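Since the structure comes first, as structure tokens, the remarks are kept for the end.
Computed from a prediction, not measured in an experiment: that's the story for all the values here.
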Amino acid sequence: SVDTCAQAFLPPAPAVGTTAVAKGANQCPRCGLTVYMAEKIVGAGSSWHKACFKCSTCGKKLDSTTVADKEGEIYCKACYGKQFGPKGFGFGQGAGTLTMT
């Protein structure tokens, strides 16, 4: 879903029975609409709208230094680590969970 603020910058939806992407244009993987140069952010091998370039888990706005991708979806580094990082004893548990015996 696209934020209402972002909708002001997006072109109107295409008529029924027509395609949402102009010929030769880039298509946003999140909303499926055409990405024009003025609103284009390139990341994870695709062109995105500025409003669509956010973490798919928590919705945090991303930039080139905070983005991590997996299988065409983008995440912030924190959510990526939680979902796809190492798991098990000693990884992400913190010292608070260790006990002295």
Side-chain angles (χ1 to χ4, degrees):
S1 108
V2 179
D3 297 339
T4 51
C5 180
Q7 288 176 344
F9 298 104
L10 298 177
V16 175
T18 62
T19 179
V21 179
K23 194 170 195 161
N26 295 312
Q27 182 178 8
C28 177
R30 178 73 35 92
C31 69
L33 297 176
T34 301
V35 180
Y36 297 98
M37 291 301 290
E39 58 191 359
K40 181 177 178 178
I41 293 180
V42 178
S46 299
S47 297
W48 304 74
H49 294 113
K50 290 177 186 176
C52 295
F53 198 68
K54 57 188 175 184
C55 177
S56 65
T57 302
C58 69
K60 179 181 175 184
K61 295 277 185 180
L62 302 173
D63 61 41
S64 62
T65 62
T66 60
V67 69
D69 68 286
K70 184 166 178 103
E71 298 173 358
E73 196 55 74
I74 55 174
Y75 305 90
C76 66
K77 299 231 179 206
C79 289
Y80 182 88
K82 287 177 190 172
Q83 291 184 25
F84 307 111
K87 294 177 179 43
F89 183 75
F91 291 103
Q93 300 298 319
T97 60
L98 300 177
T99 58
M100 298 294 285
T101 56

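Atom CG of residue Asn26 and atom NE2 of residue His49 lie 10.0 Å apart, to the nearest 0.5 angstrom. Separating the NZ atom in Lys82 from the SG atom in Cys58 is a distance of 8.0 Å, to the nearest 0.5 Å. Going from atom CZ of Arg30 over to atom CD of Glu73 covers 4.5 Å, rounded to the nearest 0.5 Å. Going from atom SG of Cys76 over to atom NZ of Lys54 covers 13.0 Å, rounded to the nearest 0.5 Å.
Summarising the hydrophobic clusters (Ile, Leu, Val, Met, Phe, Trp, Tyr; side-chain heavy atoms under 4.5 Å, direct or chained), the residues clustered with Ile41 are Trp48, Phe53, Leu62, Val67, Ile74. Hydrophobic cluster membership for Tyr75: Tyr80, Phe84 (Ile, Leu, Val, Met, Phe, Trp, Tyr linked by side-chain heavy atoms under 4.5 Å, directly or transitively).
The backbone N or O of Thr66 sits less than 3.5 Å from a side-chain atom of Asp63, completing a donor-acceptor pair. For the pair Gln27 (side chain) and Gly32 (backbone), a donor-acceptor distance under 3.5 Å is present.
At a threshold of 4.5 Å between non-hydrogen side-chain atoms, the residues Cys28 and Leu33 do not count as touching.
In this structure, Lys40 and Ser47 approach most closely via the heavy-atom pair CE-OG, 3.1 Å.
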